[in-house]
Protein chains: 2
Amino acid sequence: MPGVDRRQTKTRKAVFKAFVELLEEKGYPSITIQDIIDRADIGRSTFYSHFETKEDLLNVLCESIFDHAFSSIQQKESTHDFTGREDLEGELTHILYHLRDSKGYLKGIFASESGDVFMRYFKNNLRDVFEKDAGLSPKGIPEDYAVEHSVCWFAETARWWMDGDRVERYSPEEVVKFFWHYMRGAERALSDSF
Amino acid sequence: MPGVDRRQTKTRKAVFKAFVELLEEKGYPSITIQDIIDRADIGRSTFYSHFETKEDLLNVLCESIFDHAFSSIQQKESTHDFTGREDLEGELTHILYHLRDSKGYLKGIFASESGDVFMRYFKNNLRDVFEKDAGLSPKGIPEDYAVEHSVCWFAETARWWMDGDRVERYSPEEVVKFFWHYMRGAERALSDSF
DNA sequence: TAAATAATGAACACTTTGTTCAGTAACTTA
DNA sequence: TAAGTTACTGAACAAAGTGTTCATTATTTA
């Protein structure tokens with residue numbers, strides 16, 4: 001009845017667990033596949049039947065995190081052709097909730113050196129979210145620059161939030177408010193001065 | 001008369017050249033020391049008498065780039081104990097000039113995947129520049145969040161600028177203006193609304 | 001020219017990689 | 001429950017990279 005063999009799920013889980021632990025302990029670059037299969041306690045050939053390389057594993061991990069966080073947004077995109085300001089605010093809050101939920105899983109990684117790879121993935125997803133919004137970039141400011149500002153600054157905001165105990169101190173709504181005030185302020189000032 | 005042996009300078013130059021080329025071609029993670037010594041055409045033991053690891057080499061490269069760009073700022077810091085708005089604007093412009101000058105050397109790297117390592121270094125340096133400015137973070141916004149906004153957004157602005165042919169299309173002054181309008185606008189809006 | 005310093009290159013044990021394959025265990029379905 | 005399929009095991013493999021050592025050669029400086 002179940003679509004996937006229990007054995008596969010078990011190995012994949014073991015690999016992910018080992019990988020995330022190792023990411024925290026020594027950082028992505030110094031992790032070897034040897035480390036992973038030792039920690040996950042699986043055969044060498046088993047690893048290679050699931051993943052091609054260490055990078056492949058990382059990509060799959062990123063997908064499972066971010067595709068989840070962005071899933072409801074993609075659904076919305078198909079029904080509406082323009083996303084209003086309130087919608088966007090809700091979407092961003094939604095993303096932060098997802099990140100917080102997976103925080104136990106990702107504890108410390110986002111902010112660590114390994115975080116760069118996550119950030120790259122994160123930003124690529126965010127670019128789709130903010131690009132729909134691009135039309136309103138102020139005169140005199142290149143459009144791609146404006147998009148990059150939204151994307152980078154939201155990603156960095158999330159990273160800032162995930163570091164230390166900030167995730168416990170500030171709610172997703174608060175964080176979006178921080179972010180949003182910077183955005184709104186910038187837009188206002190720019191449309192004034194150009 | 002010269003302080004450093006010509007042979008040393010020659011090897012270091014060859015290593016840096018090879019390294020930068022390889023950074024462009026295959027990206028930092030997949031570069032091996034073997035690649036470097038093959039490309040630089042030096043003996044294995046020679047490499048290890050200059051650098052400890054691949055990472056060490058990267059750090060030395062970063063230092064040579066950014067310490068140069070930030071050098072004149074550090075001098076200023078010792079003479080003034082508070083840096084005015086105009087000073088800061090000048091400093092940022094100065095940094096961009098330096099980055100542009102080393103662009104032939106760094107063509108394509110800063111903005112590429114390998115750029116993450118540079119960005120980390122860059123941001124650490126920038127944090128010192130913007131932290132002096134932290135006092136004026138608006139009420140309701142955490143101070144470290146405000147600093148992070150300046151730091152990240154200037155670093156990402158520089159990265160954006162260094163990508164493609166933008167460095168030829170926009171002058172350092174223009175880019176600082178882009179950046180500055182975003183900053184100024186945000187500050188204005190925030191002090192209004194809190 | 002002599003002494004000091006740097007680069008060479010070959011050898012070293014060691015780790016990691018990615019692949020193969022026969023054998024074993026766990027699941028599925030008829 | 002028996003038969004067939006699918007997944008994991010574990011050992012072995014060549015290939016490539018790492019970091020170190022050392023006697024030899026080349027270059028520089030005084």
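Below, chains carry the letters A, B, ... as their sequence lines are ordered, and counting in each starts from 1.
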When rounded to whole Å, the NZ to P distance for the pair A/Lys54 and C/dG18 reads 10 Å
Separation of C/dT15 atom C1' from A/Asp38 atom CG, nearest Å, is 12 Å
Between CZ of A/Arg12 and C1' of D/dT6 the distance, given in whole Å, is 16 Å
Residue set satisfying salt bridge (Lys or Arg N to Asp or Glu O under 4.0 Å) with A/Asp38, at least two apart, ordered chain then number -> none
Residue pairs passing the side chain to side chain donor-acceptor pair (under 3.5 Å) test with at least one member in residues 9-22 of chain B, sequence neighbours excluded, are B/Lys17-B/Glu21, B/Glu21-B/Arg39
(request) Answer with base, sugar-phosphate or nothing: what part of the nucleic acid does B/Gln8 contact at a heavy-atom distance below 4.0 Å? (result) sugar-phosphate
Applied to residues 42-60 of chain A, the salt bridge (Lys or Arg N to Asp or Glu O under 4.0 Å) test, sequence neighbours excluded, yields none
Overall bend of the helix from C/dT19-D/dA12 to C/dA30-D/dT1 (five pairs an end, 10° steps) is 20°
Applying side-chain contact (heavy atoms from CB on, under 4.5 Å) to B/Val175 and not counting sequence neighbours gives B/Leu96, B/Thr157, B/Trp161, B/Tyr170
Taken in chain and number order and not counting sequence neighbours, the residues that satisfy side-chain contact (heavy atoms from CB on, under 4.5 Å) with A/Thr32 are A/Gln34, A/Asp35
From CZ of A/Arg39 across to C1' of C/dT16 the rounded distance in Å is 18 Å
Here the distance between atom P of D/dG17 and atom CD1 of B/Ile33, to the nearest Å, is 11 Å
Going by heavy atoms in the side chains, are A/Phe130 and A/Leu92 under 4.5 Å from each other? yes
note: B/Asp56, atom CG; D/dT18, atom C1'; distance rounded to Å ~ 15 Å
Could you check whether any side-chain heavy atom of B/Ile95 comes within less than 4.5 Å of a side-chain heavy atom of B/Asn125, counting everything from C-beta outward?
no
note: A/Ile37, atom CD1; C/dT17, atom P; distance rounded to Å ~ 8 Å
Contacts of A/Ser45 meeting side-chain contact (heavy atoms from CB on, under 4.5 Å) (sequence neighbours excluded), chain-then-number -> none
Polar atom pairs between nucleotides 1-3 of chain D and protein, under 3.5 Å, N or O only, would you list them?
none

Residues passing the side-chain contact (heavy atoms from CB on, under 4.5 Å) test with B/Arg127, sequence neighbours excluded, are B/Lys123, B/Asn124, B/Glu131, B/Val147, B/Glu148, B/Val151
Sequence neighbours excluded, the answer for ring pair (Phe, Tyr, Trp, His ring centres under 6.0 Å) partners of B/Tyr145 is A/Trp153, A/Trp160, A/Phe178, A/Tyr182
Sorted by chain and number, sequence neighbours left out, ring pair (Phe, Tyr, Trp, His ring centres under 6.0 Å) with B/Phe118 holds for none
Atom NZ of B/Lys10 and atom P of C/dA7 are separated, to the nearest Å, by 10 Å
Contact check, residues 40-51 of chain A vs DNA chain C, heavy-atom distance under 4.0 Å, returns A/Arg44, A/Ser45, A/Tyr48
Using only modelled atom types and a 3.5 angstrom limit, is any donor from either the side chain of A/Arg7 or the base of C/dA26 paired with an acceptor on the other? yes
